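For clarity, every value in this text was computed on a predicted model and none was experimentally measured. The sequence lines fix the lettering, A, B, ..., with proteins before strands; numbering per chain opens at 1.
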There are 2 protein chains.
Amino acid sequence: MSITQEHAEDQNLPYNVFAKACPSRGTLEHVTGRWGALTLGALREGSLRFNELRRRVDGVSEKMLSQTLQALERDGLVHREAQPTNPPRVDYELTPLGHQVAGHLLALIRCVEDRMDDVLAAREEYDGRQN
Amino acid sequence: MSITQEHAEDQNLPYNVFAKACPSRGTLEHVTGRWGALTLGALREGSLRFNELRRRVDGVSEKMLSQTLQALERDGLVHREAQPTNPPRVDYELTPLGHQVAGHLLALIRCVEDRMDDVLAAREEYDGRQN
DNA sequence: CGGGATCCCGCACGATACTG
DNA sequence: CAGTATCGTGCGGGATCCCG
């Protein structure tokens, strides 16, 4: 091993969201996307069925919820459990990885909610400042 | 105070991102948006000038960066410091609130980067499973 | 109930050019 | 350098219908 190797990364950390081509950016967008964040947040409380989820995430269309769930399932964040009954029953729940990610997300969400008054005040000052 | 007063304005936590009409959802979208998250993440390391930021957030256009920064400044997450010199010099830095939010964001980003191998593996299994 | 297929519109976004 | 202005378009995403 070269002694000139300044940043001797013991482990390989090749993933960097700030680089355009990095696949991690795509996953970050699934996670932080308009519906992805709310879906993961909602699922953190426990497993939910499709229409329960749809009611919980106010405003999401069937199509977008379906699409969002597929992306999250593909990324290994959500587990889909379908029972071949009639009528069909499908439950969605977080994987351990999804749970971890949703934890960070929920902390962020709570933070934004908690400090929303500050945000609103900042907006008023901003709008008032430049006429 | 009227007993018919439905919404108690003096409550502490009236904000709920899961409700479609809640203003906190808009702010969450600014923060978790495609460029918002990366911009806040980049600024956490210190103040940056416009083009420095543009280079750091690989792939962002001038227009989108400008637009993103305006939204974040309006929400009180970013402070813009313009010096009337020639050539002009403008520095962007996080406010205390922005720093707090960006902290959560960066934790999320690191988490996604760290576990990207798991995500990629999950994708392969998903793609291979249902042909 | 849990979706898939299709149609279609708006605007988020990129590219380009211009300004102080 | 640090942005605005303008224009064109891709696709995000809503609406609707349908099926097992």
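- B/T68 places a side-chain N or O within donor-acceptor distance of the main-chain N or O of B/M64, the cut-off being under 3.5 Å.
- A heavy-atom distance below 4.0 Å to DNA chain C is reached by these residues of residues 75-90 of chain B, ordered by number: B/P88.
- Of the charged side-chain nitrogens involved, none lies within less than 4.0 Å of a carboxylate oxygen, so that A/D117 and A/R115 do not count as a salt-bridged pair.
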Identify every side-chain donor-acceptor pair in residues 37-50 of chain B under 3.5 Å, counting partners at least two apart or on other chains, and give the distances.
residue, atom, partner, partner atom, Å
B/T39, OG1, B/W35, O, 2.7
B/R44, NE, B/H99, O, 3.2
B/E45, OE1, B/R56, NH1, 3.2

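- Electrostatic pairing of A/D127 and B/R74 counts as a salt bridge here, judged by a charged N lying under 4.0 Å from a carboxylate O.
- Heavy-atom distances under 4.0 Å link DNA chain D to B/R49, B/F50, B/N51 of residues 42-58 of chain B, given in residue order.
- Side chain of B/N16 to backbone of B/F18: a donor-acceptor contact under 3.5 angstrom is found.
- Counting heavy atoms of neighbouring residues, nucleotides and ligands inside a 6.0 Å radius, atom CD of A/E124 does not exceed 12 of them.
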Are there any protein N/O atoms within less than 3.5 Å of an N/O atom in nucleotides 11-17 of chain C, and if so, which ones and at what distance?
residue, atom, partner, partner atom, Å
C/dC13, N4, B/K63, NZ, 3.1
C/dG14, OP2, B/S61, OG, 3.3
C/dG14, O6, B/K63, NZ, 2.6

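- In this structure, the salt bridge (charged side-chain N to carboxylate O under 4.0 Å, His left out) partners of A/E29, at least two apart in sequence or on a different chain, are B/R34.
- Distance alone, capped at 3.5 Å, is enough to place a donor-acceptor pair between the A/R54 side chain and the A/V60 backbone.
- Read 5' to 3', the first and last nucleotides of DNA chain D with an atom closer than 4.0 Å to a heavy atom of chain A are D/dG13 to D/dG20.
- Atom CZ of A/R123 sits in a crowded spot, with more than 12 heavy atoms from other residues, nucleotides or ligands closer than 6.0 Å.
- In this structure a side-chain-to-backbone donor-acceptor pair under 3.5 Å is present from A/R25 to A/V17.
- Remark: side-chain polar atoms of A/D58 are not paired, donor with acceptor, to backbone N or O of B/A19 under 3.5 angstrom.
- Within the 3.5 Å criterion, the main-chain N or O of B/E113 finds no donor-acceptor partner in the side chain of A/S24.
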